[in-house]
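For reference, the structure discussed in these notes is given below.
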Amino acid sequence: MFSFKAPRGTEDILPAKWALWRKLEEVGRQEFELCGFYEIRTPVFEDTRLFIRSLGEATDIVEKEMYTFADSEDSSITLRPESTAPVMRAYLEYELYKTKKFQKFYYIGPQFRKERPQAGRLRQFHQMGLEAVGASDPLLDVETVSVATRIFDRIGLKGYKVKINSIGCEECRPVFRSILKEKLCEQEKGLCELCQSRLNRNVFRILDCKNEKCKTISYHMPSIHDYLCEGCQSHAKAVREALLDIGIPYIADAHLVRGLDYYTKTVYEITHSSLGARDAICAGGRYDNLISDIGGPSIGSVGFAIGMEATILALENVMERNKSVSPEVYGPSPLIYIVSIGEETRKQCFYLLNLLRKANLSADFDYEGRSPKAQMRTANKLGVKYVIVIGPDELACGDVKIKVMETSEEISLKQNEVLRWFLNRELPLKC
RNA sequence: GUGGGCGUAGCUCAGUUGGUUAGAGCAUUAGACUGUGGCUCUAAGGUCGCGGGUUCGAAUCCUGUCGCUCACCCCA
């Protein structure tokens with residue numbers, strides 16, 4: 001018999017795992033809003049050309065990793081492989097820059113890339129990220145880093161590293177690229193096979209190669225820092241100083257490069273060593289050309305994306321080592337469980353259940369018609385504070401019995417007193 | 001797209017050179033306790049991923065296939 005499964009590279013987040021996701025999302029939202037970012041939601045699919053234009057035609061994402069569909073005869077849509085371009089598209093479409101040039105956005109949502117799944121890398125994955133659009137201040141670059149690190153701090157993720165670099169702008173990068181390429185070509189035979197092909201496709205990636213021979217060669221290569229133009233140099237310096245000033249430890253990594261074409265000046269990556277080969281939990285940087293590339297005015301922006309699966313994986317690894325951090329897997333328990341004994345009491349229980357819920361007291365009930373013992377077991381497992389018992393005896397005299405689970409104390413009350421009794425000692429949930 | 005590893009109960013895993021009714025722990029449900037939770041004990045549950053082959057006999061060996069996983073290219 002055929003059985004359905006979640007498609008390759010997708011995963012179901014079951015209730016047992018939701019607590020961590022929720023925590024990450026809630027902390028993220030709070031932190032974003034604390035720093036003046038506003039949530040924006042864009043469609044999960046866009047005109048295919050948006051991504052071709054923004055990411056660059058020759059990138060792997062565009063060449064082989066996009067979920068692209070014919071929408072009608074002459075239009076093609078693509079499930080978003082990242083959210084920066086869609087956010088910028090919205091910023092331009094509604095001409096938001098006309099009301100206020102500088103705007104700060106954040107987003108949380110699924111992204112799609114058709115690649116082979118691997119640890120922390122899926123075909124449908126989730127990012128939460130921010131975009132600060134319309135300013136070139138290096139302090140803004142640092143603000144984005146600080147938002148990311150505070151999110152990680154506040155969810156209790158220890159042991160991450162901030163790596164930062166400048167990759168120059170359209171002025172100085174091409175100069176460095178050609179010099180680097182020239183020097184590397186001289187040593188072509190010493191490079192691994194892959195890097196030899198990178199010479200023509202993506203020279204900067206060679207600096208990042210894990211092959212020992214390539215590492216040695218790139219160690220002796222000139223550094224981008226020697227070729228940065230004056231503007232990029234002072235920008236990079238200001239970023240590093242501000243990071244120090246506000247106490248964010250970082251690693252200046254001259255070999256850090258970015259896959260996407262649109263980055264300029266500042267690029268950074270936050271990694272976690274517990275993750276294995278793909279260790280980035282956040283990546284971002286400045287993109288001063290993206291907006292003009294997709295048809296907007298020439299204004300600078302900076303942003304990052306946090307990989308939520310990767311972050312949660314890292315968080316779980318940290319908790320594994322430090323069991324004192326309890327994950328509260330199933331989230332909050334109901335306050336009250338109602339146990340009915342005998343078929344004829346169920347209507348009364350159900351009435352009471354709805355009364356409690358209308359007063360915002362969380363309560364649940366057994367719909368399987370099981371034995372009182374089984375219902376008590378469930379109540380215990382749920383971790384409720386109180387159990388209300390109604391059986392034929394109670395029904396006959398219009399009472400209910402309330403059991404306080406912690407002390408096993410039992411109290412008899414008239415049915416019409418129940419609600420007041422709870423409201424006197426428990427705060428209703430806020431809506 | 002390329003390469004490695006792994007598929008046995010809901011979960012985590014044992015399973016001897018191929019040998020009778022395939023095991024453990026945890027979880028679930030029921031019962032012991034017929035109106036009361038936690039502890040204890042008992043019981044229930046498996047087409048050994050799927051197909052083919054070798055064999056008197058296959059969870060075990062061979063082969064194909066599907067799935068998962070890790071790594072590579074690339075990337076969050």
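Given the structure is predicted, the values throughout are model-derived calculations rather than measurements.
Spacing between atom CD of A/E65 and atom P of B/A76 amounts to 10 Å, rounded to whole angstrom units. Whole-Å rounding puts the A/I206 CD1 to B/C74 C1' distance at 15 Å. Rounded to an integer number of Å, the gap from A/R123 CZ to B/C75 P is 18 Å. When the C1' atom of B/C75 is taken as reference, atom CD of A/Q124 falls 17 Å away, rounded to whole Å.
Pairs of residues two or more places apart, or lying in two chains, that qualify as salt bridge (Lys or Arg N to Asp or Glu O under 4.0 Å) and include a residue from residues 377-390 of chain A are A/K385-A/E426. Pairs passing the salt bridge (Lys or Arg N to Asp or Glu O under 4.0 Å) check and including a residue from residues 105-124 of chain A, sequence neighbours excluded, read A/E115-A/R121. Identified under the salt bridge (Lys or Arg N to Asp or Glu O under 4.0 Å) test for residues 130-149 of chain A, with sequence neighbours left out: A/K104-A/E143, A/D141-A/R286. Counting only residues at least two apart or in different chains, side-chain hydrogen bond (donor to acceptor under 3.5 Å, both in side chains) contacts with residues 340-349 of chain A comprise A/Q348-A/Q415.
Side chain of A/D253 to backbone of A/K163: no donor-acceptor contact under 3.5 angstrom is found.
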Under 3.5 Å, N/O pairs linking protein and nucleotides 66-68 of chain B:
residue: B/G67; atom: O2'; partner: A/K5; partner atom: NZ; Å: 3.1
residue: B/C68; atom: OP2; partner: A/R8; partner atom: NH1; Å: 2.6

Atom pairs, protein N/O to nucleotides 2-6 of chain B N/O, distance under 3.5 Å:
residue: B/U2; atom: O4; partner: A/R116; partner atom: NH1; Å: 2.5

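A/L14 comes within contact range of no nucleotide atom at all, as no heavy-atom separation falls under 4.0 Å. Residue contacts shown for A/A310 are absent, as no nucleic acid heavy atom lies under 4.0 Å away. Heavy atoms of A/E115 sit under 4.0 angstrom from at least one base atom.
Separation of the P atoms belonging to B/C11 and B/G5 is 24 Å when rounded to the nearest angstrom. If you take atom C1' in B/U12 and the same atom in B/A27, they sit 11 Å apart, rounded to whole Å. Nucleotides B/G64 and B/U28 are separated by 37 Å at their C1' atoms, to the nearest Å. Taking atom P in both B/G51 and B/U16, the straight-line distance is 23 Å, to the nearest Å. To the nearest whole angstrom, the two C1' atoms, one in B/G38 and one in B/G19, are 46 Å apart. Taking atom P on both nucleotides, B/A9 is separated from B/A59 by 14 Å, rounded to a whole Å.
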| query | When you check every protein heavy atom under 4.0 Å of nucleotides 30-39 of chain B, what one-letter string (B, S, -) results, 5' to 3'? | reply | S--B-BBBB-
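Taking A/E269 as the reference, A/R258 meet the side chain to side chain donor-acceptor pair (under 3.5 Å) condition, with sequence neighbours excluded. The side chain to side chain donor-acceptor pair (under 3.5 Å) check on A/K161 picks up nothing, with sequence neighbours excluded. With sequence neighbours excluded, the residues satisfying side chain to side chain donor-acceptor pair (under 3.5 Å) with A/E33 are A/Y106. Looking at residues two or more places apart in sequence or on another chain, you find no ring-ring contact (aromatic ring centres under 6.0 Å, His included) involving A/Y268.
Between the side chains of A/H225 and A/N165, at least one donor N or O lies within less than 3.5 Å of an accepting N or O.
Judged by distance alone with a 3.5 Å cut-off, a donor-acceptor contact links the side chain of A/R121 to the base of B/C74.
A stem is defined here as three or more consecutive Watson-Crick or G-U pairs, each with both distances under 3.5 Å; for RNA chain B these stems are B:1-7 with B:66-72, B:10-13 with B:23-26, B:28-32 with B:40-44, B:49-53 with B:61-65.
Ion pairing between A/E316 and A/K17 holds under the 4.0 Å rule for side-chain N and carboxylate O.
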